[in-house]
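Residue numbers begin at 1 in each chain, while the letters A, B, ... track the order of the sequences. For clarity, every value in this text was computed on a predicted model and none was experimentally measured.
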2 protein chains.
Amino acid sequence: MTRSGADLALLLLGGYRSLVESVTAELAARGHADVRPVHDFAMRAIASGADTASELGRRLEVSKQAAAKTIAVLLERGYVRRGADPDDARRKRVEVTPLGWEVMHQGEALFDARRDEWAGRIGPERLAELERQLAELVGDAVVRPEAAGGAAQD
Amino acid sequence: MTRSGADLALLLLGGYRSLVESVTAELAARGHADVRPVHDFAMRAIASGADTASELGRRLEVSKQAAAKTIAVLLERGYVRRGADPDDARRKRVEVTPLGWEVMHQGEALFDARRDEWAGRIGPERLAELERQLAELVGDAVVRPEAAGGAAQD
DNA sequence: CCAGCATAGTCAACCCGGTTGTCGAAATGC
DNA sequence: GCATTTCGACAACCGGGTTGACTATGCTGG
């Protein structure tokens, strides 16, 4: 039985969703109900040096306005803080707060736990093989989670 | 080298995106520039019996209003047509037009071509194995493409 | 038969994370 | 000095979701 190409696409999406929903739900249960994949992704980029709206936009491959919006949300939720840039009066520097780091660490641990579960179900060798194949097929293009990263919600 | 769980999630998403973007771009090149994955998905559901807004909403696991919105878009673009239901004056029946079918058929063929390419790169056996594993891990939950199914766009 | 309830589609407002355009301020380079 | 570039902020808009409310229609049990 050969699957259709569209089936394959939805299987991949389903796999992604399965992981993300599980992690998002657990983070919510731990009190972080407002964390979306794209927020986590943005925080990681900020933590790794994209600490202005413009740079974040470039890193995420979205407009600087979109990046600024994301920063605004993160600010509002206390995941990042912002201040002036001593070297350039136009810029504002952003950095991840301890709360932001906490959320990122928990998210990371939860994703790893989910991966471990998958490894337990199909075997670590086969999972590693799956990852290798995907990496080969997809390459290393920037893949940014989308805002509506969750499942259909009722 | 063991990958992180978050890496795995993004690999899956990248795989999905890779397929979808390729198909969407080719459909655009063929004159169907306004087709989104969620539209195609909705048309398939309509074609398979979810031919009212309420039923489509249930099928897609979104609100009836969201389903109606999608139908409105499809109507506007000529992919579906709509008429009264002779058996129930509350209802409106929707059906896919020849243009809608054309788009779906092309999309299907393009997805299958992409899958064939993947099979050519990692081997048909390994691709089938990958699909089996994903199916096992994900199960058969309804997976609906999201609106912003494309990649980050500049 | 009919009141009460359920269901249909429509209208409206809102959300979220994107887009593009514009603006004044600051920085850069010739 | 000045033309150009870059910065963040403001604004409007988009697409695909959400919820609430409404009128019309259908169903059912007393």
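- Of the candidate nucleotides C/dT19, C/dA8, D/dG15, D/dG15 has the atom lying nearest to any side-chain atom of B/Arg36.
- Each of B/Lys64 and B/Arg90 lies near DNA chain D, and the nucleotide nearest B/Lys64 is the one positioned closer to the 5' end.
- Atom C1' of nucleotide D/dC10 and atom CD1 of A/Ile71 are separated by 16 Å, given to the nearest angstrom.
- The shortest side-chain heavy-atom distance between B/Tyr16 and A/Leu11 does not fall under the 4.5 Å cut-off.
- Not one N or O on the side chain of B/Arg36 forms a donor-acceptor pair closer than 3.5 Å with the backbone of B/Pro145.
- Between the P atom of C/dA27 and the NZ atom of A/Lys92 lies a distance of 14 Å, rounded to the nearest Å.
- For the pair A/His39 NE2 and C/dC16 P, the interatomic distance rounds to 9 Å; values are reported in whole Å.
- In this structure, A/Glu26 pairs ionically with A/Arg30, as a charged nitrogen and a carboxylate oxygen lie closer than 4.0 Å.
- A salt bridge links A/Arg115 with A/Glu131: the closest approach of a Lys/Arg side-chain nitrogen to an acidic carboxylate oxygen falls below 4.0 angstrom.
- Residue A/Asp88 contributes atom CG, which lies 19 Å from atom P of C/dG24 at whole-angstrom precision.
- Nearest-nucleotide positions on DNA chain D for A/Ser54 and B/Ala89 put A/Ser54 closer to the 5' end.
- When atom types are taken as modelled, the side chain of A/Arg3 and the backbone of A/Leu8 share no donor-acceptor pair closer than 3.5 angstrom.
- Put simply, CD on B/Glu55 is 8 Å from P on C/dA8, counting in whole angstrom units.
- Rounded to an integer number of Å, the gap from A/Asp87 CG to C/dA26 P is 15 Å.
- Residues A/Val73 and B/Arg91 both approach DNA chain C. Their nearest nucleotides, taken by heavy-atom distance, put B/Arg91 toward the 5′ side.
- Counting non-hydrogen atoms under 4.0 angstrom, A/Asp85 reaches nothing in the nucleic acid.
- Judged by atom type and distance alone, B/Gln65 reaches the base of D/dG20 through a side-chain donor-acceptor pair under 3.5 Å.
- In this structure, A/Ile46 places its CD1 atom 12 Å from P of D/dG8, rounding to the nearest Å.
- Out of C/dT19, C/dG9, D/dT18, the shortest distance to the side chain of B/Lys69 is found at D/dT18.
- Regarding contacts with the backbone of D/dC7, every side-chain N or O of A/Arg93 stays at 4.0 angstrom or more from both OP1 and OP2.
- For B/Ser63 and D/dG17, the shortest distance from a side-chain N or O to OP1 or OP2 is not below 4.0 Å.
- Among the protein residues, A/Ala68 comes within range of no part of the nucleic acid, since none of its heavy atoms lies under 4.0 Å from any strand.
- Here the C1' atom of nucleotide D/dG17 and the CG atom of B/Leu56 are 14 Å apart, to the nearest Å.
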